[in-house]
Protein chains: 2
Amino acid sequence: MTDRPALSKGETEVARLLWDLGQATVRQVHEALPPERTIDFTTVQTYLRRLDTKGYVDTWLEGRTRVYAPKVQPSTVIRETVGELIERLFGGQTLPLMRHLIEDRGITDDDMAELRRLLDRLEGDQP
Amino acid sequence: MTDRPALSKGETEVARLLWDLGQATVRQVHEALPPERTIDFTTVQTYLRRLDTKGYVDTWLEGRTRVYAPKVQPSTVIRETVGELIERLFGGQTLPLMRHLIEDRGITDDDMAELRRLLDRLEGDQP
DNA sequence: CTGCCTCACGTACACTTGTCCTTGAGCTTG
DNA sequence: CAAGCTCAAGGACAAGTGTACGTGAGGCAG
């Protein structure tokens with residue numbers, strides 16, 4: 001299970017950027033933040049350090065500068081995080097969450113079509 | 001917006017029980033915990049107190065015993081929590097979460113059928 | 001009435017989290 | 001070379017969280 005501690009909000013925010021960037025220095029992550037999100041350089045540094053101690057990233061010095069790269073795949077974090085939420089909020093049942101997504105959050109026509117495609121494909125897989 | 005502080009993990013756990021019970025004393029919530037979840041009576045008490053200070057429950061003394069009842073609807077908490085997660089983990093996009101639920105978490109045939117029903121109904125609503 | 005049980009309520013305490021400050025080394029440019 | 005910039009690294013610090021203990025009052029069994 002390789003149990004790492006779960007990611008906090010801020011850590012997730014930074015991890016997402018790192019997934020997008022593939023690999024990055026503190027500065028690059030800091031600059032990748034959306035402009036309305038003002039947060040100090042050293043705060044980002046702290047998040048990356050914590051991601052490291054929690055085992056979510058690889059890191060090495062490149063010259064004088066430290067580079068970080070994701071070690072745990074987004075899919076893994078997503079699985080764990082969503083699983084935890086379903087447990088906490090829906091007692092482990094997936095369907096209520098789907099229902100909420102479909103009924104209580106607007107869903108576009110495109111999304112709807114895509115969803116149907118997904119279902120069709122799945123049903124095709126298991127005859 | 002009536003902005004309450006978000007619920008923590010433990011608080012959510014207890015809030016869910018309270019939603020199920022409708023209204024309950026500390027003891028009742030404590031006894032409603034799944035048997036494998038061992039947690040002290042006073043810990044539950046603390047969670048309920050915090051739910052109160054955060055504005056999520058109503059509470060009153062009934063004789064010598066304090067009774068708690070949900071004040072914020074589950075749907076509200078679900079909306080806020082899920083919204084926050086989608087923001088953090090998917091940059092605000094709902095579809096990737098659906099995709100994850102359908103593809104990466106097993107979905108039963110019954111759920112699948114139910115999902116289709118949901119979609120059909122929605123589509124019927126907006127011709 | 002004396003123990004014991006059960007509550008409410010306050011307190012505690014270590015750990016996590018969001019956020020930043022400080023220090024000291026290397027780099028750059030006048 | 002000296003002043004200023006840029007990093008890494010370590011600390012710091014208040015708020016939030018998970019978890020529980022202690023105290024004191026009300027009830028009930030002997």
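Since the model is a prediction, treat every value here as computed from it, not as a measurement. Every chain is numbered from 1, with letters handed out A, B, ... down the list of sequences.
- With hydrogens and angles ignored, the 3.5 Å screen pairs a side-chain donor or acceptor of Y56(B) with a backbone N or O of P5(B).
- One N or O on the side chain of T46(B) and one on the backbone of T42(B) form a donor-acceptor pair closer than 3.5 Å.
- Electrostatic pairing of R88(B) and E84(B) counts as a salt bridge here, judged by a charged N lying under 4.0 Å from a carboxylate O.
- Side-chain polar atoms of D110(A) and T108(A) form no donor-acceptor pair below 3.5 angstrom.
- Judged purely by atom type and a 3.5 angstrom limit, T53(B) uses its side chain to pair as donor or acceptor with the backbone of R50(B).
- Within a heavy-atom distance below 4.0 Å of DNA chain C, the residues of residues 10-36 of chain A found are G10(A).
- R116(B) has a carboxylate O that lies under 4.0 Å from a charged side-chain N of D120(A), or vice versa, which qualifies the two as a salt bridge.
- Distance, L7(B) CG to dG18(D) C1': 15 Å, rounded to whole Å.
- Within residues 40-71 of chain B, the residues that place at least one heavy atom under 4.0 Å from DNA chain C are, in residue-number order, Q45(B), R49(B), R50(B), R64(B), T65(B), R66(B).
- Side-chain contact between Q28(A) and V67(A) is absent, with no heavy-atom pair separated by less than 4.5 Å.
- Annotation for L61(A): hydrophobic cluster partners, listed by chain and number, are none (ILVMFWY side-chain heavy atoms under 4.5 Å, direct or chained).
- When each of A6(A) and I39(A) is assigned the nucleotide of DNA chain C with its nearest heavy atom, A6(A) is the one assigned upstream, toward the 5' end.
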